[in-house]
Enquirer: 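What follows is a structure written as structure tokens; I'll ask about it next.
Each residue takes its place number in the sequence, starting with 1.
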Amino acid sequence: METKMVMQRKQEEQASQMSHSVKLSSQIKKKSFTTSDEEASYSDFYPIIPGDLMSVKEILNMDNFPRHRTWEILKETLAADEEEYHRDKWTLFGNEAEKVELDVLRNQHMLRTRIDKIALRNQAEKKVSTYMKYLERLSQKAPDFPIPLRPHAVWKGMTVKLSCTVHGSPPPKVTWYKDDVPLRISDQPWNYSLQQAFGLYSLEIRRCSPDDAGEYKVVAKSPLGEATTFATLVVNSYQGAVAGSERLQTSTMQLQEEAKFGTSFSPTWVKEGDSLTLQCTFTSAPLPFQQDITWFRDGIQLHQSNNVDIKMVDNKASITLKAAHKEHEGVYTARLRTWDGIQEHSAFVYVTDASAAVLGGPASPLSVQVSDVNKDYVFLTWQPPSADGASPVQGYYVERRDLDKGEWVCCNVHIQKMCHYPVFGLKEGTLYQFRVCAVNKAGAGRPSKATNPVLTVDPLEHTRTMVVKVDKERTITITKDELEGQVKAPFPPTNIHACEVSDTYVVLSWTEPEPRGREPLHFYVERSLAGMSSWELASLDMVVNSPRFPVFDLVKGKQYRFRVRSINKYGVSDPSEPSEPISLGKPQALPAPPHSVMAIRDTDTSVLLQWKEPKEKDDILGYYLYYSETDKQDWKTVNNKPLTKTRFIVHGLKTRREYVFRVKSVGRAGNSNYSEESRPIIIKSAIYVPSAPSAIALLLCTESEMVLGWRAPACNGGDPVRGYYLDQREEGMDMWREVNVKPAKERQLKVCNLSSGHFYQFRVFAANVVGVGKPSEASEAFLCEKWTKPEPGCPYDLQFREVRESSLVLLWAAPLYEGRNPVTGYLLEISQGDESDKWTRLNDKPISDTHYKVSDLQAGKTYRFRVSAVSNAGVGCASLPSEPVTAQTKTGTKNIEAGVDNDGFIFLGYEADEMDDESKLLWSKDYSEPIDARRAREETKNNRSVLTFTDPSEEDLGLYTVEMGDNPNLSSSYDFTAEDLERLKELSWQVRNPLIALKSGWQVEVSEKGCVRLWLQTESLSNAAELRLIFNDREISSSPHRKISFDKAKGLVEILFDQLSQEDEGSYTAQLRDGRAKNQSTLVFVDQKFRQTMALADAKRRDHQRKSGPYFQEFLSWSVNEECELIIKCKVTNTNKDTTLKWFKEDVEVTRVVYNQSSGVSTLAIPQVTKKEAGSYRAVVSDKRGEDVSILELVDDVYDKLLQQLSKQCALSAGPLSIESTAEGFRLYCSFKYYISYLKTSWYFKEKRIDQDARTKPGSSMQKVWIEIFNPTENDKGKYMLEMFEGTETHKRCLDLSGQAFDDALLEYQRLKQAAIAEKNRAKVTKGLPDVVAIMEGKSLCLTCFIDGQPAPEVFWLRNDREIVNQAQFTITKEPKCSTITVNNVNYGRFWKIQHFCAQPVWL
């Protein structure tokens, strides 16, 4: 027993020592395993296993540690030892211990790896946490109330909601206060309800009581600050405002009225490229918190930019697009803050296509987007245009522009059919813009809007750079190239694949090598057919700088493999792994068209269009809409930016026109075919409930009953009002009680069972086929007591008819309460403006009618009216003012017209411009009396209504009116007077006893062939028309000599004579009948009229026969030209090559004739006319077909007329008067182109005729007329005039011979006179020798020469230029006036030349 105890004690000591040693080793802190990316850290959470020993118990107690199968046995053993199960010795055998040791080493390595990962994770989480805290600090914002609380004033028992919006980061804590006391919602959960959502905090108070009145405050707190907003709630009761009103009196007075939208922009159309301005006005100047008006397009806020200008001036806000493009089409919204929240106004802006670049060219594409930007590559996408032009779009051209150069360059040689394209070969670090043009058969269309400038850079540059922040001011930038060490030659790229596949190109993409080297990197692209081992260069001489490369020259149906090499200055890498087989894709099909297009009525100018998208809708970008008027096929585009929804409101349509619609799907492959057309729809407003009635008036009151009247709603909702419902309540009560269950048809109702002395309020609902509209505003409180006042009550139901630019008709109903005496008349008042209190009397004396035409209004001005009833007891109270009315004529307004129909009935007709199938035109007399069906009947067809009188008489005279049943604003009137009745009755008799109207009575015509035609024409006749022709009291019909025709459609009656004879002389009568209409016309064809017609017919017959061969188109005629020549000409026609033309004068052929055979004109020109030109001229043209003769008798009167015309032309050719000096005096002369004596000339000096005397002598020649003045003196100075009279007209030429002109002429005269005297006294031969003398030989010749001169001249004789001296052969005698030479014995055969001084030589 003791031995066992000793052994047990030793075992316990050994276990204790082992445990102690293990405990000590486990408590030593050792440095844990670290990596190069984190700092060294000590593990305080996991034990570090020693390299040589670790207790089994510690290993077994570690959680999440891989265990060996023997560990469970060891654990059970230790557990048994702790339960004091004693063992003598624990021995581990070799194999088992070795396994445990291996497991320990393996687990040690695993523990170190896990601890390393946990340390890295902790460090990353710490950095992320730090960064998130930094972002949180950046986004922190102090609490703020963008929309504060707003004061409210409510009636007791009503529900009110106080709301505000809170912004802040971190989200603030919000607390509500009432009168500075925290509001505890849990105390009154039935009364208070607090709601919060997305920053909007609302406090709803149900059934307000006076205790709820007071100041409410909201406080928002956060670590960054505190914000407060407050508002006052006033609760009104019968006694007036209660708690809270004192505080409101000061705060409310300081509050200004908030602005709201006034007039705003409507759907707008702008042409592409033009500027666009949208403007909205406000009811008042916006408050400070409303100054920030925000604008949105399709829900995206717009900001100030180069193209967008946002302004806020006074109470107007506007946005301007300096250049509108299709991308700018969409819904534009203006947003205004109000106390209650946000108020918005929206309208659609349509951007229409600009004019085509070429005739029939397509419109511009849109939404050009740039993606996948690299150093030399970008990928473009766009949307196709809505309008193809004259032919479908065939494809697109892509253009780019380098901003430094500014020139657009086309990127693709071949047309790109799809709406996407890879652009390659760009310069790195360059700003580019891109645009696209659509192309069809007509050519390239307008380019799209250019993209924003795009910078070509390496998109992965940021991934190769890391910035480490050292402190607040210093950073360290580490690039991946620096970490790669001394790597020079690049590695091959990886992951070669196709990122874009089309039916015309493939875009390859790959991952840059790692490491890539420090030098700039380029790539070579190689390709090979799948299954082949040969490779070829795909990039050829192109430099590929980015990991993108488009390949265009692939063959369809074949597969290719690609590989890429990297290259830098140090060399080329090995090729990459080949890509998977790549081939061109299938052509992308056009999207399917939509279907089930349906148009729904919306407004008078718009429709709601809905359609269903096709089944395959994945590739659809949107939809284009088109419209056309029915049966016109003139299709127009609605939108130029694809719509993403399947419903749209189409604006800008014409009211009452019928339209059809169709839709296209839009995809990257282009536009789909058109959908089926929608059903035709007529544009008119949709039917909706009527608006609220107004102007409730008390018309009559007894002790327990009231009669109320009201004004009809301003808008009936597109359907006539079917009835009215009236509610009542006592003053001060909240609950309304129905008065009538069945709708009231009229605009007045009697309310019974009321309590006398109580005040009542009323409201009215209008109802149509759609439903019941909104209630009117509550009337004023009416006291229920019996009326006993002597004056009449107020008229009611004021209405307008026939509103024009300067006039209108006012109608009203007589008051129900007449007072003590009957109503005798009415007084009218007018007020200009919507709310003016200044009233002016229209009539000085009361009128008895309940209608009145107001004239002399100003066009475009707004007016209101009111009416007062008058009786002997006085003037009653005025009616409620009418609704404002503007004096303007509505477009399409027409008036009533009076006339007679085809049956002879008198009618009044009116044609409405706008009329529905359910609309009715209502006729009345004097605006009140219904039409007596016994005296007139109404009939309406289409848009026209006719009131036809049965038997009109003076009883039917009066003012007739017509109006549209559902739109009384369309109305007109006609005053049917006695003059109208008399005029229309006469017209009615003519219709009932009609005459066939004659367009033309009997006419006589002679044709070119000599045929005679008698005809008359009436209006168009029916096929049943009848004709009887009477000639000299007997009926005639057609015969070979006389043909009769009757064209009923034209109303033409004809009698045609081939050759008129004496038997045809007489009277012709045509008797016509067509139904009830008839008429007759008579032609008296006798005596001179008949003879002239027959002669003319014979002449024309002969002339026609003459023209069967060559003939004179123009007979011989004469004329005088400007050269004063006589021109005789004629013109022949119908000639041929055998035709001859000859002229004769007095039967002698004239040969000086000019004949132009091509024109047929023959001319004879006579330069000077003398008496021998008078006579008979004859021209004969002839050939085998015949001949024609033209004669011109140029004698007697004709010759005198010729001379007169020639004289006139001579006078017109006269030049100005001129003067020349002579030795005898002056000569005044006038030059002519041609002068004849028929032109009578007279000379005048100082307005007196010059008669021939010793000092004057007139003269003339063929070209001149003159007068000589001998021995002129100073008395001959003055004005000279030549009058030329050619038989009908006088022509004058004048010369003022005075001053220097006279002096010069006189001086020249004196010089010439002296020269003449000297010439007269000069020695000269007065009678010379003969030229030649013949004489017989041996004879004597005597020659005598007579001479003159003072003094007596000396005479010399010469022979052969030698002086003759007296010899035996020559004998010379000299006398004072003559000299003689005798030649004796003249020799034969000798010729002499004998001269005498001053004489001509003579030859012998």
Side-chain angles (χ1 to χ4, degrees), residues 272-275 305-308 321-328 354-358 361-385 395-439 443-462 500 504-505 507-508 519-525 538-553 567:
E272 182 182 7
D274 292 349
S275 61
S305 65
N306 294 334
N307 193 47
V308 179
L321 300 183
K322 298 177 183 178
H325 296 277
K326 294 180 180 180
E327 291 81 355
H328 301 148
S355 56
V358 294
S364 59
L366 69 155
S367 300
V368 182
Q369 301 292 332
V370 182
S371 61
D372 199 8
V373 180
N374 279 268
K375 291 187 289 186
D376 60 353
Y377 166 90
V378 296
F379 191 75
L380 297 182
T381 59
W382 61 88
Q383 294 178 354
Y396 304 90
Y397 282 128
V398 178
E399 296 178 346
R400 70 171 184 265
R401 179 174 66 173
D402 185 341
L403 292 187
D404 294 334
K405 296 181 180 179
E407 181 181 358
W408 288 98
V409 179
C410 189
C411 299
N412 54 320
V413 178
H414 303 289
I415 294 176
Q416 172 63 21
K417 295 184 178 180
M418 298 294 107
C419 295
H420 48 77
Y421 186 75
V423 181
F424 185 72
L426 305 177
K427 295 181 182 179
E428 183 179 0
T430 305
L431 283 173
Y432 286 96
Q433 282 185 299
F434 300 91
R435 68 184 187 183
V436 182
C437 302
V439 183
R446 293 177 61 88
S448 66
K449 176 179 176 289
T451 63
N452 294 328
V454 177
L455 181 63
T456 52
V457 295
D458 186 357
L460 301 177
E461 183 66 28
H462 68 281
E500 294 288 342
T504 57
Y505 65 84
V507 178
L508 299 177
E519 297 301 327
L521 194 64
H522 308 297
F523 304 96
Y524 285 157
V525 180
S539 55
L540 296 178
D541 57 347
M542 292 181 289
V543 178
V544 182
N545 296 322
S546 59
R548 299 288 189 278
F549 181 71
V551 184
F552 289 93
D553 56 346
I567 180 174

Enquirer: For residues Pro362 and Tyr396, determine if any side-chain heavy atom of one lies less than 4.5 Å from a side-chain heavy atom of the other.
Expert: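 They are not in side-chain contact.
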
Enquirer: Would the distance check show the side chain of Lys326 and the main-chain N or O of Ser364 forming a donor-acceptor pair, the cut-off being under 3.5 Å?
Expert: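 Pair found, side chain donor or acceptor close to backbone of Ser364.
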
Enquirer: Would you sort out whether Val423 and Val398 count as a side-chain contact (heavy atoms from CB on, under 4.5 Å), showing the intermediate values?
Expert: CA-CA 9 Å; Val423 181; Val398 178; 4.3 Å; yes

Enquirer: Under 6.0 Å between ring centres: does that hold for Tyr421 and Trp382?
Expert: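 No - the distance between ring centres of Tyr421 and Trp382 does not fall below the 6.0 Å cut-off.
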
Enquirer: Against Phe549, only a single residue in Tyr505, Tyr377, Phe424 fulfils ring pair (Phe, Tyr, Trp, His ring centres under 6.0 Å); can you say which?
Expert: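 Exactly one candidate clears the test, Phe424.
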
Enquirer: Say you draw a straight line from SG of Cys437 to OH of Tyr397; how long is it, rounded to the nearest 0.5 Å?
Expert: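 Rounded to the nearest 0.5 Å, the SG-OH separation comes out at 10.0 Å.
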
Enquirer: Grab the two heavy atoms, one from Pro422 and one from Pro550, that are nearest each other, plus how far apart they are.
Expert: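 Scanning both residues, the minimum pair turns out to be CG-CB, 3.9 Å.
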
Enquirer: Shortest non-hydrogen contact from Ser355 to Arg446?
Expert: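 Scanning both residues completely, I find the closest heavy atoms to be O-CD, 3.0 Å.
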
Enquirer: Are any non-hydrogen side-chain atoms of Leu380 and Val370 less than 4.5 angstrom apart?
Expert: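 With C-beta onward as the side chain, the pair touches.
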
Enquirer: Carefully, step by step, assess Leu508 and Val551 under the rule side-chain contact (heavy atoms from CB on, under 4.5 Å).
Expert: CA-CA 8 Å; Leu508 299 177; Val551 184; 4.1 Å; yes

Enquirer: As an exercise, state the distance from OG1 of Thr504 to CD1 of Ile415, rounded to the nearest 0.5 Å.
Expert: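 Separation between the atoms: 12.5 Å.
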
Enquirer: So which heavy atom on His420 is nearest to which on Gln416, and how close?
Expert: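 Nearest pair, atom of His420 first, then Gln416: O-NE2, 3.1 Å.
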
Enquirer: Compare all side-chain heavy atoms of Val308 with those of Leu321 and state whether any distance is below 4.5 angstrom.
Expert: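 Contact flag for Val308/Leu321 side chains = yes.
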
Enquirer: Test the Arg400-Trp408 pair against the cation-pi criterion, namely NZ or CZ under 6.0 angstrom from the six-membered ring centroid and within 45° of the ring axis.
Expert: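 Verdict for Trp408: no cation-pi partner in Arg400.
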
Enquirer: I need the minimum non-hydrogen distance between Asn307 and Ala323, along with the two atoms involved.
Expert: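 That closest heavy-atom pairing would be OD1-N, 3.0 Å.
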
Enquirer: For Asp376 and Asn374, does a side-chain donor sit closer than 3.5 Å to a side-chain acceptor?
Expert: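 Side chains of Asp376 and Asn374: no pair found under 3.5 Å.
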
Enquirer: Is the backbone N or O of Ser367 less than 3.5 Å from a side-chain atom of Lys449, with the two atoms forming a donor-acceptor pair by type?
Expert: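 No, Lys449 side chain to Ser367 backbone: no donor-acceptor pair under 3.5 Å.
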
Enquirer: Given the rule in the side chain to side chain donor-acceptor pair (under 3.5 Å) test, do Gln369 and Thr451 qualify, once you have shown the distances and angles that lead to the verdict?
Expert: CA-CA 7 Å; Gln369 301 292 332; Thr451 63; over 6 Å; no

Enquirer: If the condition is side chain to side chain donor-acceptor pair (under 3.5 Å), which residues does Arg401 pass it with, not counting sequence neighbours?
Expert: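 Here the qualifying residues are Gln433.
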
Enquirer: Please find the pair of heavy atoms, one from Val373 and one from Pro459, that lie closest to each other, and give the distance.
Expert: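 Distance-wise, the nearest heavy atoms are O-CG, 3.5 Å.
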
Enquirer: Taking the six-membered ring for Trp, are Phe434 and Phe379 ring centroids under 6.0 Å apart?
Expert: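 So the answer is no for these two rings.
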
Enquirer: Please report the interatomic distance OG1(Thr456) to OH(Tyr432), rounded to the nearest 0.5 Å.
Expert: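 It comes to 5.5 Å.
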
Enquirer: If I take atom CG from residue Leu426 and atom SG from residue Cys411, how far apart are they, to the nearest 0.5 angstrom?
Expert: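 Reported value, rounded in 0.5 Å steps: 7.5 Å.
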
Enquirer: If you round to the nearest 0.5 Å, how far is OG1 of Thr430 from NZ of Lys375?
Expert: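 Going from NZ on Lys375 over to OG1 on Thr430, the span is 13.0 Å.
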
Enquirer: Consider side chain to side chain donor-acceptor pair (under 3.5 Å). Of Glu428, His522, Lys427, which one does Asn545 pass it with?
Expert: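 Only one of Glu428, His522, Lys427 forms a side chain to side chain donor-acceptor pair (under 3.5 Å) with Asn545, namely His522.
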
Enquirer: Is there a donor-acceptor contact under 3.5 Å from the side chain of Asp372 to the main chain of Val378?
Expert: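 Checked: no pair found.
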
Enquirer: Atom CZ in Phe523, atom CZ in Arg548: separation rounded to 0.5 Å?
Expert: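 Here the rounded value is 10.5 Å.
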
Enquirer: With Ser448, which residues qualify under side chain to side chain donor-acceptor pair (under 3.5 Å), at least two apart?
Expert: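 Not a single residue meets the side chain to side chain donor-acceptor pair (under 3.5 Å) criterion with Ser448.
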
